[in-house]
Amino acid sequence: MSEARKAYGADLVIPVMGAAFTLYFLHTISGLEWEAKANGIFVGVALLALVAIQVTRTVIGIARGRGDLSFEPLLEPREALPKRLAMLAITIAFVLAVPWLGLGLGLFVAMAAGFGVLGVRPWRRAIFTAFIVAAVATVMFNAVLDTGLPKGPVEKLIERVAR
Amino acid sequence: MTWDLAGQLFASQLSLWWIIWPGILIGIVVGFLPGFNAENTLIMLLPLTLAMPVDHAFAFMTSLYCATHLGGGIPAILVRIPGTPGAAATTLDGYPLTQQGRGQFALTLSFVGSVFSGLVACIVTVAMLPWLSVMGLYLRSVEMVVVMLFGLTLIAVIAAKDVLKGLIAGLFGLMIGMIGADHIYNTPRGTFGFLELYDGVPLVPALIGLFAVSEALMMVERRLIAGAGPGGAKQHDWSQTFEAIRYSATHWWQIVWTGLVGLVIGIVPGAGASIASFVAYQQSRMWSKHPERYGTGEPDGVIAAEGGNNGVCSGTLVPMMALGVPGGSTAAVMMIVLQYHGMVMGPQLFTDNPQLAYGVFFGMLLSYAFMILTIVPLARYMSRIVLIETTYMVPLIILVTVVAAFSERQYMFDMGVAIVFGIIGYIANKTQYHVAAILIGVILGPIFEKYLVRALRLSEGDPSILFSSTIGNVLWALLVLSLLFPAWRGWRRRRKEAFA
């Protein structure tokens, strides 16, 4: 793709998300009293109008050959994409697993996996760093700040030993 | 207030140094951590502050509160993660400076700007307390709608490279900010059926997602945060610290007036540091000779954002002490402690107990003095964080901040919210839809709606009420002026260039 050509597809993702959410929001307020929907209609209509302008700009740009509907900016650089997606997957898995594993063990596993995926070598160093981070975070969030994060086998074991 | 009393208050507050210093240190750490703020820390420390004598408790609380505002700027500059919402504007120029290898310079600017704007706001507060205290009474829902719209206009100005994208991002943020039950009938709107969203979109997970998670996902493609700037990321000496101190000294006026902007906005109940910092940033950019440099690492941008952010501290306390109306949630927690000790807030506080009423602001002055001595020497060492390779930084930032997203409301759901906003933020960053514009929208959405609906209910749905007050109309005129002025300057500059 030449430097001058624009990736209009990527440029449309946020407007499309905004428009889709606005339509959903307007649907949820359709039967409500005017006080509950005045602001939504005011802002929603303005957003839809701006999205329409952006779409028109896109159509004109494509028609004049200034760009295409590609999503390239979101995927570039290609070599970083697998790492990025893997990191996102690890984070989602971490959030889903924390209620069972607890903060300490969950963070240790996710952190070690993250370091591994991003290329921290040797593995011993990745695991050691993950252990330190997980230990510090557990002490800070659970013991010092008492944030009420889920307790897993490690936290329960420490509590039992402390008693 | 006499000079004798001022001397006595200064001496008595100085004797509390041993309680002010821990407050500062805790405040800086709390401000640094996304998800924690002065309010929830003070709540956690209530058993401690309730047990202290009232002047000790107040000195501790105010020093901690001021320090959180300063601490929030540190991660905003180094890794583009605002520690508090008030530091979001600091990312705009602070982080580009870090990327240019000038993290030490940006940090010192932020510290000096924060401390001196806080000092200025504090001194002005002490001098003008009787007048400032009644200011909040003149701002009713109609004027507040215009104040909020003033904040919203920043969306277009901040995203000046492409105003359309900036407006779309800002209005998208406003729509997201409207999620939750409405203020009158409590009916849920746009919640996707999630009970956790009935109170609205939680701000801390939104901030963490838009800034921390999205930025970490961007970092994957780089080996280091800092590039090879003029100073170089690996600079080991103090030169950037001294350069920033010199720069701040020659731009003292910038510090003074942005601090005053923060003070005035701080007095307005509900407005807060996030609006103050963006307003100060936008005003600084509007009056600058080089507005095009803002957003690319302009030092004045860092000073303005931090000036507005820290000027708020004194302002928040004014309505609480003078009227008994807390200017924000942190002030409300402080008020609980004072009431526990039998203090009655209001005008009589200044006649019955001037030592406490004015002493608070002298305590703040000392806190700022201690703060600058503590933090400036550390800028050189803090800036080294950017030398850690992103292979370590990315998992650390994503996973630890996602955990921090839990802390505000203690819902596992909020961790998911942070991830969703992280994805939105990543797409926005890659396609030049400003994440700060989305954040402003999310912050202002519920506040704007509250005041708009209140004003419209007063007029039984007649929108002309928005133009019914003199102060409101003056604010409208200022709003239009701040929209038109940059456009007029841009037109003049283009014309000059065309003739050159």
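It should be emphasised that the depicted structure is a prediction, and the values quoted were computed from it without experimental measurement. Sequence lines set the chain letters: A, B, ... in the order given, protein chains first and strands last, and positions in each chain run from 1.
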What pairs meet the side-chain hydrogen bond (donor to acceptor under 3.5 Å, both in side chains) rule with one or both residues in residues 180-189 of chain B, with sequence neighbours excluded?
Glu35(A)-Tyr185(B), Asp182(B)-Thr187(B), Arg189(B)-Glu449(B)

Is it the backbone or the side chain of [X] that comes under 4.5 Å from a heavy atom of chain A, or both, or neither?
X: Ile184(B); value: side chain
X: Thr41(B); value: neither
X: Ile179(B); value: both
X: Met219(B); value: neither
X: Leu217(B); value: both

List the atom of [X], the atom of [Y], and the distance in Å for their closest heavy-atom pair.
X: Glu76(A); Y: Arg84(A); result: O-NH1, 3.7 Å
X: Arg457(B); Y: Trp34(A); result: N-CH2, 4.1 Å
X: Thr58(A); Y: Tyr8(A); result: CG2-CB, 3.4 Å
X: Thr138(A); Y: Gly104(A); result: OG1-CA, 3.2 Å
X: Ala216(B); Y: Ile397(B); result: CB-CG2, 4.0 Å
X: Phe32(B); Y: Pro75(B); result: O-CG, 3.3 Å

Taking NZ, NE, NH1 and NH2 as the nitrogens, is one of them in Lys6(A) or Glu72(A) under 4.0 Å from a carboxylate oxygen of the other?
no

Given heavy-atom pairs under 4.5 angstrom as the criterion, report whether the side chain, backbone, both or neither of [X] touches chain B.
X: Phe94(A); result: side chain
X: Arg125(A); result: side chain
X: Ile92(A); result: both
X: Leu74(A); result: both
X: Met87(A); result: side chain

Among [options], which residue has the highest count of heavy-atom pairs closer than 4.5 Å to chain B?
options: Ala36(A), Gly119(A), Gly106(A), Gly44(A); answer: Ala36(A)
options: Val13(A), Thr91(A), Leu81(A), Ile29(A); answer: Thr91(A)
options: Thr28(A), Leu107(A), Val133(A); answer: Thr28(A)
options: Ala38(A), Ala19(A), Gly40(A), Ala137(A); answer: Gly40(A)
options: Leu88(A), Leu149(A), Thr22(A); answer: Leu149(A)
options: Arg57(A), Glu79(A), Met140(A); answer: Arg57(A)

Taking C-beta and beyond as the side chain, do [X] and [Y] meet within less than 4.5 Å on heavy atoms?
X: Tyr433(B); Y: Ile168(B); value: yes
X: Ile398(B); Y: Ile90(A); value: no
X: Leu174(B); Y: Asn39(A); value: no
X: Leu439(B); Y: Phe211(B); value: yes
X: Arg454(B); Y: Met144(B); value: no

Heavy atom to heavy atom, less than 4.5 Å: which residues from residues 193-200 of chain B reach chain A?
Gly193(B)

Within residues 411-419 of chain B, which residues come under 4.5 Å of chain A, heavy atom to heavy atom?
Met412(B), Met415(B), Gly416(B), Ile419(B)

Tell me whether [X] at atom [atom1] has more than 12 heavy atoms from other residues, nucleotides or ligands lying less than 6.0 Å away.
X: Phe21(A); atom1: CZ; value: yes
X: Gln410(B); atom1: CD; value: yes
X: Phe42(A); atom1: CZ; value: no
X: Phe128(A); atom1: CZ; value: no
X: Arg160(A); atom1: CZ; value: no
X: Trp123(A); atom1: CH2; value: yes

Out of [options], which one racks up the most heavy-atom pairs below 4.5 Å with chain A?
options: Thr390(B), Val403(B), Ile423(B), Ile176(B); result: Val403(B)
options: Val220(B), Leu399(B), Val400(B), Ile424(B); result: Leu399(B)
options: Val402(B), Leu396(B), Asn429(B); result: Leu396(B)

From the options Leu64(B), Leu48(B), Val30(B), select the one residue that forms a side-chain contact (heavy atoms from CB on, under 4.5 Å) with Leu42(B).
Leu64(B)

Measure the spacing between OG1 of Thr431(B) and OH of Tyr426(B) and express it to the nearest 0.5 Å.
10.0 Å

Rounded at 0.5 Å granularity, tell me how far NZ in Lys151(A) sits from CD1 in Ile158(A).
10.5 Å

May I ask you to list the residues in residues 46-54 of chain A that approach chain B closer than 4.5 angstrom, counting heavy atoms only, ordered by number?
Ala46(A), Leu47(A), Leu50(A), Val51(A), Ile53(A), Gln54(A)

